Amino acid sequence: AQRVTQPEKLLSVFKGAPVELKCNYSYSGSPELFWYVQYSRQRLQLLLRHISRESIKGFTADLNKGETSFHLKKPFAQEEDSAMYYCALSGPGSQGNLIFGKGTKLSVKP
Amino acid sequence: DTEVTQTPKHLVMGMTNKKSLKCEQHMGHRAMYWYKQKAKKPPELMFVYSYEKLSINESVPSRFSPECPNSSLLNLHLHALQPEDSALYLCASSQVGQRKDTIYFGEGSWLTVV
């Protein structure tokens, strides 16, 4: 069965500290993985997708098929990074629907 | 225009009412979606429309009735809802509905059923 696991509900760090938000997935085929972010009172928006291998707002994520992981990392957290982060897997078939993890709330303290 | 626009932003309805949520996008996307998000939970897929045809219905109760009048519009008709249906309803779209497509979300419609 397709599944996305984000083990941490809440992650609290100080400004300037490194951040790693964990994501593990279960999928029988070739996964398409995304990180979405939801800032307070804003819409859910794409942060990263694994196929583009971009760095957005200093965040990176590498797909590790051996460990079935897609962890999100940033070397130096900023206060404006405080938000809800969802890891998502594109579901089976060709419909592009997303299966979300439960989300991790990141709080960056000054 | 790179946005998905949803109206109304807030809706309060009684259990016997009939109301509709509306969604519009002008990005030329041919796949549109309805998701439901309860408080402090991730979004859950309800329906997928691909080229104006319903392609996925995630076993949603018939009191929710989607409609795609054209490639830019998506409606969700609501009738005889229950209080547990209170949630944030998110509309989204993507280019053609392929697995690698980025899905763009609207701000959502907050629904309260009383």
Side-chain angles (χ1 to χ4, degrees), chain A residues 1-10 21 23 25 27-54 56 61 63 70 83-107, chain B residues 2-7 9-10 23 25 27 29-60 66 68 74 87-110:
Chain A
Q2 300 80 235
R3 189 170 60 246
V4 176
T5 303
Q6 293 180 252
E8 303 134 331
K9 282 181 78 170
L10 175 65
L21 288 83
C23 172
Y25 66 90
Y27 188 72
S28 56
S30 183
E32 298 286 347
L33 285 155
F34 306 81
W35 275 100
Y36 277 80
V37 61
Q38 194 167 30
Y39 300 102
S40 180
R41 296 180 184 156
Q42 293 189 28
R43 69 184 70 208
L44 197 60
Q45 56 188 287
L46 178 72
L47 182 63
L48 281 177
R49 40 192 299 197
H50 89 270
I51 60 171
S52 63
R53 302 186 65 82
E54 292 175 294
I56 306 291
L63 177 62
F70 188 54
M84 192 70 166
Y85 291 80
Y86 291 102
C87 183
L89 171 69
S90 193
S94 60
Q95 299 304 320
N97 50 299
L98 291 172
I99 298 164
F100 287 88
K102 292 189 175 183
T104 298
K105 185 171 182 179
L106 175 64
S107 175
Chain B
T2 58
E3 280 197 352
V4 175
T5 305
Q6 292 187 241
T7 55
K9 288 193 174 358
H10 297 274
C23 174
Q25 57 87 14
M27 294 180 276
H29 289 173
R30 303 310 299 274
M32 295 187 78
Y33 311 80
W34 281 114
Y35 283 81
K36 175 181 177 178
Q37 187 175 22
K38 299 282 276 184
K40 299 185 180 180
K41 300 285 187 187
E44 293 180 345
L45 183 68
M46 300 174 73
F47 302 104
V48 180
Y49 271 83
S50 180
Y51 291 85
E52 295 98 72
K53 286 186 170 40
L54 183 64
S55 57
I56 292 181
N57 176 339
E58 291 288 316
S59 303
V60 179
C68 190
L74 185 66
L88 178 66
Y89 288 84
L90 296 169
C91 177
S93 71
S94 68
Q95 195 161 5
V96 292
Q98 291 181 351
R99 292 182 61 238
K100 62 179 176 60
D101 285 354
T102 296
I103 295 181
Y104 295 86
F105 287 86
E107 291 185 319
S109 292
W110 286 98

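Below, all heavy atoms of this structure are taken into account, side chains as well, without hydrogens, waters or symmetry copies. Since the structure is predicted, the reported quantities are computational estimates derived from the model, not experimental observations. Here is the naming used below: chain letters follow the sequence lines, and residue numbers restart at 1 for every chain.
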Colleague: To the nearest 0.5 Å, tell me how far B:Glu107 CD sits from A:Gln45 CD.
Modeller: 10.5 Å

Colleague: Kindly give the heavy-atom pair with the smallest separation between A:Phe100 and B:Pro42, and that separation in Å.
Modeller: CB-CB, 3.6 Å

Colleague: Provide the closest heavy-atom pair for B:Lys41 versus A:Tyr86 in the form atom of the first, atom of the second, distance.
Modeller: O-OH, 3.4 Å

Colleague: Could you check whether any side-chain N or O of A:Arg43 sits under 3.5 Å from a backbone N or O of B:Glu3, counting only pairs where one atom can act as donor and the other as acceptor?
Modeller: no

Colleague: What's the spacing between A:Leu46 CG and B:Phe105 CZ if we round to 0.5 Å?
Modeller: 9.5 Å

Colleague: Any chance you could measure B:Arg99, atom CZ, to A:Leu98, atom CG, to the nearest 0.5 Å?
Modeller: 10.5 Å

Colleague: Which atoms of A:Gln42 come close to chain B, meaning under 4.5 Å heavy atom to heavy atom: side chain ones, backbone ones, both, or neither?
Modeller: neither

Colleague: Please classify the contact between B:Gln95 and chain A as side chain, backbone, both or neither, with a heavy-atom cut-off of under 4.5 Å.
Modeller: neither

Colleague: With a 4.5 angstrom heavy-atom cut-off, is it the side chain or the backbone of A:Leu44 that approaches chain B, or both, or neither?
Modeller: both

Colleague: Decide yes or no for A:Glu32 and B:Gln98: does some side-chain heavy atom of the first lie under 4.5 Å from some side-chain heavy atom of the second?
Modeller: no

